[in-house]
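One structure is given here, and the rest of the page talks about it.
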Amino acid sequence: MTVKSKTRAGMLGAVFSAAAIAGCSSNKAAGIDPSRFATPLDRHPIGVREQTVMLELPLAGPNGELSEGDTRRLREFFIDYTRKGHGLMVVATPQSPGERDAAVAGAMRARELAFELGIEYSEVEGGVFDADADGGAPLVVAYNVYEAVAPDCPTLAEQDLADFGSNSELSSFGCVVNANIAAMIAEPGDLLGQRPLDEGDVVRRRIQFELYREGQPTGSARAEGESGAVSNAVN
């Protein structure tokens, strides 16, 4: 699947606005360096930024047909939206008199395919953009995603390894760990707290608590055939 990112950001500017998500804090006291008392999580936070991904599809013929290959690409694009998209899906058509009928037909086909994949009509927003006079402008489909931004870790060459005055860890301590976590986050939007947590299982919690009070094991019982042992491969 070919996805073009930010190639037509201007034409969809009325629908999408780039969001710069950053965190800052001010906790300075007179004569105190706040970095001395900050934890590695405070010094090397994982950032989140919003990006727009786009798919451009050529309109074939006056009826706005999509080729078999383009239909497959559009289907994969919609599936990705259901997995990681945020906000509305935008289907933008070229604002050109000579392509109006084909563009509208192509947009309708895109909406129908989205609905077949479980995307409600209310989740799809229409849009237009200025097209070249010579025609040939594509149908553009776009949505927003969140991307985790790893902290910029300082190298050892940037630090004074002989400075033991504060008895604190190096300024790079914990940075690489957070950078690795940023690379493994499946849904960066979760860092913004946008997805609500499921309610706790009150019944299960009460059962576990009663077992604990009675001094009984709270872990799951092993089924027949299950076993476990500490490896003694290395002594």
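Since this is a predicted model, take the numbers as computed values, not measurements.
In this structure, the side chains of Glu112 and Arg109 come closer than 4.5 Å at one or more pairs of heavy atoms. By the 4.5 Å heavy-atom criterion applied to side chains, Phe173 and His44 are not counted as neighbours. A heavy-atom distance below 4.5 Å is not found between the side chains of Glu116 and Phe78. For the pair Thr82/Leu117, no side-chain contact is recorded, criterion being any heavy-atom separation below 4.5 Å from C-beta on. Looking only at side-chain heavy atoms (C-beta outward), Val104 and Thr93 stay at 4.5 Å or farther from each other. Considering only heavy atoms from C-beta on, Ser172 comes within 4.5 Å of Pro154 through its side chain. Between Met89 and Phe77, some side-chain heavy-atom pair lies under the 4.5 Å cut-off. Here the side chains of Asp190 and Ile185 are not in contact, with every heavy-atom distance at 4.5 Å or above.
Between the Glu187 side chain and the Gly189 main chain, a donor and an acceptor come within less than 3.5 Å of each other. With Gln208 contributing its side chain and Thr218 its backbone, the two residues share a donor-acceptor pair below 3.5 Å. With hydrogens and angles disregarded, no donor-acceptor distance shorter than 3.5 Å links the side chain of Glu210 to the backbone of Ile207. No donor-acceptor pair under 3.5 Å is formed between the side chain of Asn144 and the backbone N or O of Gly87.
The number of heavy-atom neighbours closer than 6.0 Å to CD of Glu158, taken from other residues, nucleotides and ligands shown, is above 12. Counting non-hydrogen atoms of neighbouring residues, nucleotides and ligands closer than 6.0 angstrom, the CG atom of Asp201 exceeds 12 such neighbours.
In this structure, Tyr146 and His86 have tilted ring planes: the angle between them lies in the 30° to 60° band.
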(Q) What verdict does the side chain to side chain contact (heavy atoms under 4.5 Å, CB included) test give for Phe115 and Val124, after you've listed the backbone C-alpha separation in whole Å, the side-chain angles of each residue and the deciding distance to 0.1 Å? (A) CA-CA 9 Å; Phe115 186 76; Val124 182; over 6 Å; no
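Here Val202 sits alone; no ILVMFWY side chain lies under 4.5 Å from its own, so it joins no hydrophobic cluster.
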